[in-house]
Q: 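Here you go, one structure.
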Amino acid sequence: VRTPHGPQEPPHLPALPLIGSLLSLRSPHAPHVLFKELQKKYGQTYSLMMGSHRVLIVNQHVHAKEVLLKRGKVFAGRPRTVTTDILTRDGKDIAFGDYSVAWRFHRKIVHGALCMFGEGSASLERIICAEAQSLCNTMSEAAAAGLALDLSPELTRAVTNVVCSLCFNSSYCRGDPEFEAMLRYSQGIVDTVAKDSLVDIFPWLQIFPNADLRLLKQCVAIRDRLLQKKYEEHKADYSDHVQRDLLDALLRAKRSAENNNTAEISAESAGLSDDHLLMTVGDIFGAGVETTTTVLKWAVTYLIHHPEVQRRIQEELDTKIGVDRSPLLSDRGSLPYLEATIREVLRIRPVAPLFIPHVALSDTSIGDFKVRKGTRVIINLWSLHHDEEEWDKPELFDPGRFLNSEGTGLTVPSASYLPFGAGIRVCLGEALAKMELFLFLSWILQRFTLSVPPNHPLPSLEGKFGVVLQPVKYKVKATPRPGWDRPKDQAC
Ligand code: HEM
Ligand code: PLO
């Protein structure tokens, strides 16, 4: 309901020149938790200053949907920050790139390529199942040797190989030095990029050497060499007649734009420089690896805390699939409790608790509040997914909340649930990620029961905040289930 006076200024945190609202933001809590807390004092939607930038924090789903859906196009901008500019050669990618013709064009190419090589094709299912088989074999070997395993690099390699086939038509073996280098640089980037660090608040601070910035630059340089190598290899044996992967799809778009001189295509070709192609493929590779791996790690962490949830998923797997074959994507409909568990993991520990900031491209409003052009909008997904008005005991891990009352079908019990975002900036990898989460978790839980080794503490449920919210490292004991004590060489 509009007030009689029209849109108002939103409540504002105290701000000083240059440092903005920094003094009110000092807190031992991670930003998503602090922004949720600040609601108590300032209301669900409030603004603050980060250095000289006006930032609006949205903690509630009706306002979040106004930003993402109702006025999605107005809020489709992205801010330029020092760290994301380093990662993306000044925003020449999709995720951190501002709204533009080039951005739209790259999203379209990636979407088409993901449909062609991914979601629409049976070959992706085969690739994921082959990686699941190899992951389960490694877990079996560790179990046979009586060893507990840090699952993190194993899950990362499985997920990396899926996205590597999609992007580059290649994969990594265990211990491959290029893969080890990738693990290191990617963690360095996750730890430093887009962090609300001082460098992103005060662009002028970048003239002072800063440890985070140095690490980021080193990691980005290593990533860029790897991307460049893949690019050169693809250019060397590119053919117009076969499209092996996303990089071929991008090269094809570039060649066809270069061979075409119509006004429309040449505008598009502005977004088809080598830099743009490399940054787009870097985004998909980076997002493809870090997000899905993080969710798998959270799923394992919560399953270890909740053996009763594991048991119920395993009962479902035993009844619907048995031990004579492995799960297939076509089993998704008959394993609702596993699907509900995946939904609950995505709720309770959202991968990107603050999304990526949006920017208002013109003067506009949210609810009754005025929003000026250029305002950065942070959607606090953490608040949406832990809203006490929307969720019963939000801190409780309960997959049952996503089941209907008979426990036979899936529901979404609240509109305050947006793990992949919505609207024109919605995640490009949602379908791929869901396929991977289902297949990897169903294969693992069909074969193993997961726990911590005897006398080890349960892993922490508190995440490490960065551009993605990651769980901490710990060792897992995987006990083979009856019928799975030796690796079976099974095709899916
Ligand atoms: C953006 C979630 C997996 C590619 C996003 C956003 C979220 C998200 C919340 C931000 C939306 C916004 O700023 O409004 C997730 C989750 C994943 C996942 C929870 C796994 C479970 C993936 C995968 C890929 C991917 C596998 C690649 C294949 C992207 C890209 C964007 C994005 C390119 C930027 C879109 C844009 O700005 O136009 N994702 N994502 N994501 N995601 Fe994902
Ligand atoms: C992860 C580290 C990689 O080395 C580079 C990279 C590229 C794309 C980023 C991704 C990182 C983190 C997760 C992001 C993704 C784009 C969309 C996705 C931010 C930084 C999400 C969840 O929004």
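In this chain, residues are counted from 1 in sequence order. One-based numbering, in listed order, for ligands and for the atoms of each.
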Q: Out of Gly288, Ala95, Gly286, Pro353, whose heavy atom sits nearest atom 5 (C) of ligand 2?
A: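 Checking each option, the heavy atom nearest atom 5 (C) of ligand 2 is found in Gly286.
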
Q: Which atoms of ligand 2 sit under 4.0 Å from any heavy atom of Val190?
A: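 Atoms satisfying the 4.0 Å criterion: 1 (C), 2 (C).
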
Q: Given Gly286, Ala287, Ala431, which has its nearest heavy atom closest to atom 25 (C) of ligand 1?
A: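 Nearest option to atom 25 (C) of ligand 1, by heavy atoms: Ala287.
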
Q: Quick test: of every protein heavy atom, which one is nearest to atom 29 (C) of ligand 1, and how far off is it to 0.1 Å?
A: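 Checking every protein heavy atom, the shortest distance to atom 29 (C) of ligand 1 gives Leu428 N, 3.8 Å.
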
Q: Considering only heavy atoms of Trp103, which atoms of ligand 1 have at least one such atom less than 4.0 Å away?
A: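 Matching atoms, with element in brackets: 38 (O).
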
Q: Would you indicate which of Met182, Gln187, Glu290, Met279 comes nearest to atom 1 (C) of ligand 2 when only heavy atoms are counted?
A: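 Minimum heavy-atom distance to atom 1 (C) of ligand 2 goes to Glu290.
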
Q: Could you tell me, atom by atom, which parts of ligand 1 come under 4.0 Å of a heavy atom of Val351?
A: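 Listed by number with element, the hits are 19 (C).
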
Q: Which atoms from ligand 2 have a heavy atom of Asp283 less than 4.0 Å away?
A: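 Once the distances to Asp283 are compared, the set is 8 (C).
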
Q: Would you say Glu436 has any N or O atom under 3.5 Å from an N or O of ligand 1, going by distance alone?
A: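 No, no N or O pair falls under 3.5 Å.
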
Q: Please determine whether any non-hydrogen atom of His358 lies less than 4.0 Å from an atom of ligand 1.
A: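 Under 4.0 Å: yes for His358.
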
Q: Out of Pro419, Ser186, Cys427, Ala287, whose heavy atom is nearest to atom 18 (C) of ligand 2?
A: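 Of the listed residues, Ala287 has the closest heavy atom.
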
Q: Please report whether ligand 1 has a polar contact with Asp283, defined as an N or O pair separated by less than 3.5 Å (distance criterion only).
A: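 No, Asp283 has no N/O under 3.5 Å of an N/O on ligand 1.
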
Q: Can you sort out which atoms of ligand 2 are near Thr291, meaning under 4.0 Å from one of its heavy atoms?
A: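 What qualifies from ligand 2 is 22 (C).
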
Q: For ligand 1, which atoms have a heavy atom of Leu432 less than 4.0 angstrom away?
A: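 Those atoms are 28 (C).
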
Q: For atom 40 (N) of ligand 1, what's the nearest protein heavy atom and its distance?
A: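 Among all protein heavy atoms, the one nearest atom 40 (N) of ligand 1 is Cys427 SG, 3.0 Å.
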
Q: Classify the contact between Asp93 and ligand 2 as side chain, backbone, both or neither, using a heavy-atom distance cut-off of under 4.0 Å.
A: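 The answer is neither.
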
Q: State the atoms of ligand 2, each with its element, that fall below the 4.0 Å cut-off from a heavy-atom position in Ala352.
A: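 This gives 22 (C) as the contact atoms.
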
Q: Taking side chain as C-beta onward, heavy atoms only, is Asp398 less than 4.5 Å from Lys393?
A: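 Heavy-atom side-chain distance check fails, nothing below 4.5 Å.
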
Q: Below 4.0 Å from any atom of ligand 2, is there a heavy atom belonging to Arg223?
A: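 Distance cut 4.0 Å: Arg223 fails for ligand 2.
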
Q: Heavy-atom distance from atom 16 (C) of ligand 2 to the protein below 4.0 Å?
A: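 Given the 4.0 Å cut-off, atom 16 (C) of ligand 2 counts as touching protein heavy atoms.
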
Q: Give the numbers and elements of all ligand 1 atoms closer than 4.0 Å to a heavy atom of Arg107.
A: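 Checking each atom against Arg107, I get 35 (C), 36 (C), 38 (O).
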
Q: Which ligand 2 atoms does Ile356 reach within 4.0 Å, using its non-hydrogen atoms?
A: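 Listed by number with element: 23 (O).
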
